[in-house]
Amino acid sequence: MHDYSKLISYLSEYGVSVSDDQIKKLDTYYEMMIETNKSLNLTAITEFDDVLIKHYIDSVTIVRDIDMSGNKSLIDVGTGAGFPGMVLKIIFPELNITLFDSLQKRLTFLNEVISALNLTGISTYHGRAEEAGHVSSMREQYDLCVSRAVANLPVLCELCLPFVKTGGIFIAYKSDKGNIELESASHALSVLNASLIKEDTFTLPDSDMVRDLLIFSKDSSCPKSYPRKPGTPSKKPL
Ligand code: SAM
C-alpha cells in the first residue's frame, strides 16, 4: 500500500474524511492503471508520488469550490484514464457518475476498475461529445460536468455545456493559461447561454504547479444546433 497522507490531509482541510476502504480502492486503481499502461497508453505520469499530486489531488481540487455531497449527477467529458471522474467517484461515493470518452479501449479499462472496486452509481459511455450532446438521455441531464485536458475553452464549452441542466455547473480544469482561454471563450459562453461564476487559481500542494478551475453556470438551454457535428467545434471554434 502506498502513502496517501498528502491526499488525506488535503481533503481534511475541506472537511472531507477518507476511509481505509477508499484508500484501498485508490491503490487498486493505481496498480491497475500502471499494469494496463504497459500495453495501452493511459498516462505519461506513472511514479506514485506524481500520480498522487498530478492526478489524484488534482482531480479532487473542485472541493475548494463545489459542494460535492449528495447524489448529484456528474459527467466527465474526455475522462481518459478516469481523471477527474473516477477519483471523484471513489472520494464522493454518492455521486452518480458518467465517464465519457471517444476511445473505447480506455473505457474498457475503466469498466474493469469499476468491477474490481465494486462501484455502483457509475457507468461509462462511448461516443463523441458532439453526437452524445444531442442524445435525449444525456442532453441537459447533468447537475455537474467536469473536463480536464480535452480542448481549448471555446471548443470545450461546445462539447460540455449541452450536457448540463439549466441551473447546473460546468467546471473546466485548466493549468496556468486559464485566464487567456477565458477571454477567448466569451462568444462561446454567450451563444451557449452560460456565464462564469468563478475563476479559482491556486497551486497544487507541495509543488509550484498552477491550476485554474473555471466554473460556469448554465443559465438557460443551449440552442438546438449545438454541439455542431464531430470535428466542427475544433475546426471552427465559436
Ligand atoms: N481527462 C483525462 C485526463 O485529464 O487525464 C484525459 C485527457 S486526454 C488528453 C483527452 C481525452 O479526451 C482522450 O481520452 C480522448 O479520447 C477524449 N476526447 C477528445 N475529444 C473528445 C470528444 N469530442 N468526445 C469524447 N471524448 C473526447
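As a basis for the values below, the full set of heavy atoms in this structure was taken, side chains included, without hydrogen atoms, waters or symmetry mates. Along the sequence shown, residues carry numbers from 1. Computed from a predicted model, the values in this text were never measured in an experiment. Numbering of ligands and ligand atoms starts at 1, following listing order.
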Go through the side-chain N and O atoms of S9 and E13 and say whether any donor and acceptor fall under 3.5 Å apart.
no
Side-chain ion pair, K25 and D21, N-O less than 4.0 Å
yes
Between the protein and ligand 1, which nitrogen or oxygen pairs come in under 3.5 Å, and how far apart is each?
from	atom 1	to	atom 2	distance (Å)
ligand 1	1 (N)	G78	O	2.8
ligand 1	1 (N)	F83	O	2.8
ligand 1	1 (N)	R148	O	2.8
ligand 1	4 (O)	R148	O	3.3
ligand 1	4 (O)	R148	NE	2.6
ligand 1	4 (O)	R148	NH2	3.2
ligand 1	5 (O)	R148	NH2	3.1
ligand 1	14 (O)	D101	OD1	3.1
ligand 1	14 (O)	D101	OD2	2.7
ligand 1	14 (O)	R106	NH1	2.8
ligand 1	16 (O)	D101	OD1	2.6
ligand 1	16 (O)	S102	OG	3.3
ligand 1	23 (N)	E130	OE1	3.0
ligand 1	24 (N)	A129	N	3.0
ligand 1	26 (N)	S102	N	3.2
ligand 1	26 (N)	S102	OG	3.3

Can the ring centroids of F83 and Y29 be said to lie less than 6.0 angstrom from one another?
yes
Residues T232 and E130: side-chain donor-acceptor under 3.5 angstrom
no
Tell me if a side-chain donor or acceptor on K218 pairs with a main-chain N or O of F170 at a distance below 3.5 Å.
no
Would you indicate whether the side-chain heavy atoms of K174 and L182 approach each other to under 4.5 Å?
no
